There are 2 protein chains.
Amino acid sequence: MNEPLSPRQKDVLELIAKSIAERGYPPTRPEISAALGATSPNAAEQHLRALERKGYIEILPLARGIRVLGQKRGQSEFPGRKVFSGVVPIPEIRSDPVFARVLRLPLIGRVAAGQPILAEQSIEDELALDPQLFTPTPDFLLRVRGDSMRDVGIHDGDFVAVVRSRDALNGQIVVARIDDEATVKTFERKDGRIRLLPANPDYAPIDVDGDLVIEGRVVGVIRRSL
Amino acid sequence: MNEPLSPRQKDVLELIAKSIAERGYPPTRPEISAALGATSPNAAEQHLRALERKGYIEILPLARGIRVLGQKRGQSEFPGRKVFSGVVPIPEIRSDPVFARVLRLPLIGRVAAGQPILAEQSIEDELALDPQLFTPTPDFLLRVRGDSMRDVGIHDGDFVAVVRSRDALNGQIVVARIDDEATVKTFERKDGRIRLLPANPDYAPIDVDGDLVIEGRVVGVIRRSL
DNA sequence: GTTCATGCTGTAAACATTTACAGTATCCGA
DNA sequence: TCGGATACTGTAAATGTTTACAGCATGAAC
């Protein structure tokens, strides 16, 4: 479960998502501060740091380098159009032409033992996807085996879109490698101990003792042939 | 028709598209120049101006404010379905891995009352997808509202890929229109009577008396922001 | 043979943007 | 009562980035 946000932090997160959705790029610190009614760019900076610490965004050392990370199902703050609470809209917003670009992602079927997950022989296919579809931009697709994540809507045979990452925050759904098997589970670290939680009462949580490699975070699901 | 590009300009355009696809944001002038082997940021600036003059990109007065423009219009064989080849209709670029042959599908948010489902005002966005991803090729995407199909892994906020069709077979998941509301349910016809079945014990089956319009069959699901 | 688009170098001003530092104040839980 | 999170002001350095100016060279078009 992601850490809860203060109302103000929620405003900022929505502001960022709105800017990206409507203008195509994230706001600057001064823009955020102005929209909040604050005058110091630092007001925004502090909020951004808090949002990053809580796992909601990623800050890149760039102009407008803010990336909104995926939300846990059911507590998503900003899908589509939402009324913004008392926040002054960003000036100069306009709807923009379609950003036509395509990402080609490798589809990983079965992970080859002793090989990196993106090893040549694991790549089953390559699929074109809209880079805007998932945030952040995934690095590969993985075919899910088994129903251990059934209750969050990830079923046997589904493709999950994965961003490569060696670490994760509590509550994020990760692709992990245990004994050369790729598995999709919810990540949980408590008291320095890592557990991988299924989303299906028929499966038991996995207590990790040592040999865990996190391959990435799940940022989306695709199901074909329904 | 778009003006032709010089080979060098094509390089720059690909460079920009690649940066956006792989990193999520456009390059700066110095970055472009460096990638070209040039040393002056002005080398890039000139190319950008040329690309904008020819209608391939839009330059925004911002850091990294480059937007690659899509093709203006294409005649579509099916209403709503548009096949494009990357950003620009240039054969050389088409072969670049960044630019795959893609399907552009309209994303329907909320269905407008009294309007066909693909009415202009219902289209919230347009997404690029691999034409091979779903079979048969879908005609549009619909944002699902509610959890009535939870147990087959279709959740609130998911996108379903839909093939237009006025009919369906028993057990197929359809998009139906009842009282100007689009709903996703499992189709069942028994003794000439049509029922729409939810996949969630909290919801009741709908017995259809007459006013049913089937808009299409669900052939896939996409979930973002997990 | 002049004009135009291409394709650069090189420099620097102007501006945008991030980031650090030094404060202030409130609220909340241990 | 302490520490920590929240929520700011205010200033300024450092850096990132765009944009203007002043050139030079080439080849194609007219």
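These figures come from a predicted structure and were not determined experimentally. Order of the sequence lines sets the chain letters (A, B, ...), proteins ahead of strands, with each chain counted from 1.
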Side chain to side chain contact (heavy atoms under 4.5 Å, CB included) partners for Q46(B), two or more places apart
N42(B)
Around atom CZ of R166(A), are there more than 12 heavy atoms from other residues, nucleotides or ligands closer than 6.0 Å?
yes
So do the side chains of I16(B) and P27(B) get within less than 4.5 Å of each other, counting heavy atoms only?
yes
R53(B): partners by side chain to side chain contact (heavy atoms under 4.5 Å, CB included), with sequence neighbours left out
A50(B)
Between S33(A) and E31(B), who's closer to the 5' end of DNA chain D by nearest nucleotide?
S33(A)
Output a table of donor-acceptor pairs, distance under 3.5 Å, between side-chain atoms of residues 141-155 of chain A and any protein atom two or more places apart or on a different chain; print 'none' if there are none.
residue : atom : partner : partner atom : Å
R143(A) : NH2  : E124(A) : OE1          : 2.5
D147(A) : OD1  : D156(A) : N            : 3.4
S148(A) : OG   : K185(A) : NZ           : 3.0

Please write out each protein N/O paired with an N/O of nucleotides 2-4 of chain D under 3.5 Å, distance rounded to 0.1 Å.
none

Looking at R189(A) and I194(A), would you say the former's side chain and the latter's main chain have a donor-acceptor pair under 3.5 Å?
no
Main chain of S40(B), side chain of S33(B): is a donor-acceptor contact present, judged purely on distance under 3.5 Å?
yes
The reported gap from CG in L127(B) to CD1 in I222(B) (rounded to nearest 0.5 angstrom) is 7.0 Å
For A63(B), all residues meeting side chain to side chain contact (heavy atoms under 4.5 Å, CB included), sequence neighbours excluded
A63(A)
Counting distance only, does the side-chain N/O of R224(A) pair as donor-acceptor with the main-chain N or O of L133(B) below 3.5 Å?
yes
Answer whether the closest heavy-atom distance between the side chains of V174(A) and V218(A) falls below 4.5 Å.
no
Could you check if a side-chain atom of I59(B) sits within less than 4.5 angstrom of a side-chain atom of L51(B), using non-hydrogen atoms only?
no
Distances under 3.5 Å only, N/O to N/O: pair up the protein atoms with those of nucleotides 6-8 of chain D.
residue : atom : partner : partner atom : Å
dT6(D)  : OP1  : Q9(A)   : NE2          : 3.3
dT6(D)  : OP1  : K54(A)  : NZ           : 2.9
dT6(D)  : OP2  : R53(A)  : NH2          : 2.8
dA7(D)  : OP2  : S6(A)   : OG           : 2.6
dC8(D)  : OP1  : R8(A)   : NE           : 2.6
dC8(D)  : OP1  : R8(A)   : NH2          : 2.9
dC8(D)  : OP2  : H47(A)  : NE2          : 2.9
dC8(D)  : N4   : Q46(A)  : NE2          : 2.9

Whole Å only: how far is the CD1 atom of I16(B) from the P atom of dT18(D)?
11 Å
Length of the CD1-P vector between I59(B) and dT17(D), whole Å:
16 Å
Kindly write out the residues that satisfy side chain to side chain donor-acceptor pair (under 3.5 Å) with E45(A), not counting sequence neighbours, or none if the list is empty.
R29(A), R49(A)
Please report the distance, rounded to the nearest Å, between CD1 in I32(B) and P in dT17(D).
12 Å
Using a 4.0 Å cut-off to any heavy atom of chain A, which nucleotides of DNA chain C are the first and last in contact, reading 5' to 3'?
dT17(C) to dA22(C)
In whole angstroms, how far is the P atom of dT18(D) from the OH atom of Y25(A)?
13 Å
Scan residues 196-208 of chain A for pairs that pass side-chain hydrogen bond (donor to acceptor under 3.5 Å, both in side chains), counting only residues two or more places apart or in two chains.
R195(A)-D207(A)
Bending between helix ends of the helix from dG1(C)-dC30(D) to dA30(C)-dT1(D) [5 pairs per end, 10° resolution]
30°
Distances under 3.5 Å between nitrogen or oxygen atoms of protein and nucleotides 25-30 of chain D:
none

Which residues share a salt bridge (Lys or Arg N to Asp or Glu O under 4.0 Å) with R8(B), sequence neighbours left out
D11(B)
